[in-house]
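Below you'll find the structure, written out as structure tokens, and then a few comments.
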Amino acid sequence: MTPADLAAAVLDAVRDAVEAGELHVGVPDDAVIERPRNREHGDYATNIALRLAKAAGRPPREVAESIAARLRQRQGIAAADVAGPGFLNVTLDSAAQGGLVATIAEQGADYGRTNALAGQRINLEFVSANPTGELHLAGARWAAVGDAMARLLRASGAEVGTEYYFNDAGSQVERFGRSVYAVAMGRPVDEDGYRGEYIHDIARMVLAEHPALLERPADEAVEVFTRDGIDAMFTLIKNSLERFGVHFDVFFNERDLHTSGRLEQTVQRLRESGHVYEGDGAMWLRTTDYGDDKDRVIIRRDGAPTYFAADLAYYLDKRERGFDRVVIILGADHHGYVGRMRALVCCLGEDPDVTLEIPIGQMVTAQGSVLSKRAGNVVTLDLLIDTVGADAGRYAMVRSSMDSAIDIDLDLWASRTNDNPVFYVQYAHARIASLLRNAAELGVDRGEVGAAQLALLDSEREGDLLGVLGEFPGVVTAAAELRAPHRVARYLEKLAGTYHRFYDDCRILPRGDEEPTPNAVPRLWLCEATRVVLANGLGLLGVSAPDRM
RNA sequence: GCGCCCGUAGCUCAGUGGAUAGAGCAGCUGCCUUCUAAGCAGUCGGUCGCAGGUUCGAGUCCUGCCGGGCGCACCA
């Protein structure tokens with residue numbers, strides 16, 4: 001019996017009580033089922049009576065008793081007791097508890113998948129770093145978090161499109177082109193230009209394609225250095241993301257918004273909205289109508305659209321491609337964008353509470369700085385991968401809440417010790433895989449899960465492990481709904497710890513010449529179920545689940 | 001000045017209004033002739049920044065204050 005099954009049973013009990021006239025309340029949509037910290041409080045606890053008491057107009061303990069009486073008659077439930085102010089503590093019988101192992105073994109890679117977000121079409125944009133430089137730590141964090149979030153949303157039944165907005169128009173790009181040109185000519189880069197070793201690489205790459213480029217007039221050469229330089233930069237960025245295991249469904253070019261007429265259409269639509277006015281030679285949008293702290297320029301005095309105009313056109317493009325929710329992961333250094341974007345969306349006549357969502361992530365440093373003493377430069381995604389590997393890099397980025405600023409300890413994440421959380425979790429998986437190999441060598445065949453005596457899994461440590469395994473689908477759903485992938489990482493650490501304690505306490509395979517105990521087969525299935533959940537969870541984070549370490 | 005985020009054990013951080021606030025690390029004491037010791041057990045450690053408020057119940061929600069981070073362009 002899974003917690004979800006129990007929740008359904010609790011709601012059935014409420015429904016019965018209502019129909020019998022014992023309770024006068026509406027039957028709620030869901031019941032919160034918790035694993036109590038104190039195991040004397042049973043296998044599971046629910047606060048449903050506390051939540052219904054006020055509406056029922058009766059003391060919580062009486063409400064709880066009504067529900068408990070019906071729960072006790074259900075198969076699989078060994079006890080249902082009212083405790084404290086009105087908690088309902090439930091103990092499962094060991095067969096129902098062990099049955100979870102069969103559920104997990106049968107569902108395999110599907111265990112943890114739900115339809116909690118079924119029907120939602122979500123566009124998820126992340127990273128979207130300018131193509132004027134390499135991806136650094138912030139890009140790494142949003143790549144890891146965004147990719148994990150996409151996997152979580154999909155596992156919860158949503159239809160998800162991931163996108164990287166490639167900002168290949170505007171003044172920063174021109175500045176980049178001039179910088180590459182200056183480097184190629186052996187001249188100093190402008191005060192406001194881009195520096196760094198990668199600019200030299202880009203210059204070499206462009207020159208390799210156009211050997212005679214430096215003999216052309218400066219403005220022609222700059223144009224080529226800009227266009228081809230941006231393309232080369234983008235190739236480097238994509239390669240880095242590939243090494244990190246992050247894939248995007250769409251790389252969207254800002255330039256296309258300009259050339260396709262989408263931008264003009266958007267401006268026209270804004271004009272018709274009645275929120276537009278002229279001032280100082282520019283075209284403004286009255287975003288203060290919707291709570292922005294100042295109005296925003298849409299078309300600059302020189303006739304060029306601002307990036308707001310492009311962002312809005314991009315938003316509309318996503319909506320017209322059928323996405324009913326536009327999610328954009330941004331770093332805290334861009335959080336000022338949120339209020340503006342919401343106001344812009346309002347000006348289009350849409351409700352940002354429904355169609356727009358902008359999770360803000362806090363800053364990330366390594367060794368206390370965004371600079372690397374080793375490289376004498378910003379810490380790039382490539383440096384992170386070279387130093388700690390893609391698995392540890394992704395895990396480090398995704399194990400903390402987005403709301404927390406984090407500092408990556410490169411020595412810790414590169415270490416192969418139990419201080420390193422990703423090794424702790426991966427080790428549990430490898431340990432199980434090794435155990436299952438040994439079982440096969442010893443000729444201990446665990447057979448079909450349906451034939452295993454799973455009710456034998458009734459010791460304390462086995463119960464603890466079953467309880468944690470049962471939490472997984474709820475953790476995935478909560479992580480998806482709350483846009484909080486770190487919950488999966490924390491859960492995996494808890495699961496790994498619970499498994500190691502079980503392993504330490506419960507002998508599984510026979511030693512020496514002994515015969516296998518009756519516990520061997522059910523315990524092997526419990527190990528396999530744990531392995532499946534570890535693999536599924538690591539998969540949601542884009543981290544590998546090794547069979548050997 | 002205004003806005004967003006953070007403040008929980010010595011350190012790094014979990015904690016979707018519920019029962020006695022948790023984990024890892026660091027410290028101390030133990031466990032390998034036996035399935036991976038990259039592991040486990042025990043112990044030490046807290047006015048959940050401060051002060052009010054809402055609630056049967058607040059680390060969690062509201063208000064104010066203190067401290068830190070990040071923003072507040074006709075750059076993106």
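Throughout, protein chains are lettered first and strands after them, A, B, ... in sequence-line order, and every chain is numbered starting at 1.
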Quiz item: In the 5'-to-3' direction, what one-character label does each nucleotide of nucleotides 71-76 of chain B receive under the scheme B = base within less than 4.0 Å of a protein heavy atom, S = sugar-phosphate only, - = no such atom?
Solution: S--BBB

Quiz prompt | Touch class at under 4.0 angstrom, heavy-atom based, for Leu50(A) against every strand present | solution = base

Quiz item: Base, sugar-phosphate alone, or nothing: which one does Arg416(A) contact when heavy atoms must sit under 4.0 Å apart?
Solution: base

Quiz item: When you measure from the side chain of Met549(A), which nucleotide among G18(B), A38(B), C40(B) comes out closest?
Solution: A38(B)

Quiz item: So, Tyr424(A) and A38(B): ring centres less than 5.5 Å apart, planes less than 30° off, yes or no?
Solution: no

Exercise. Please tell me which of the listed nucleotides, A41(B), A19(B), G39(B), lies nearest to the side chain of Phe87(A)?
Key: A19(B)

Practice problem: Would you tell me whether Asp464(A) and Thr498(A) have side-chain atoms, one donor and one acceptor, within less than 3.5 Å of each other? | Solution: no

Quiz item: Taking protein heavy atoms under 4.0 Å as touching, what does nucleotides 6-16 of chain B look like 5' to 3' if B marks base contact, S marks sugar-phosphate-only contact and - marks none?
Solution: S------SSSB

Exercise. Give Ala45(A) one of three labels, base, sugar-phosphate or nothing, depending on what nucleic acid heavy atoms sit under 4.0 Å from its own.
Key: base

Self-check item: Nearest-angstrom distance, C1' atom, C25(B) to C62(B)
Solution: 36 Å

Quiz item: Contact class for Ile360(A) (heavy atom, under 4.0 Å): base, sugar-phosphate, or nothing?
Solution: nothing

Quiz item: Who does C28(B) pair with, Watson-Crick or G-U, both distances under 3.5 Å?
Solution: G42(B)

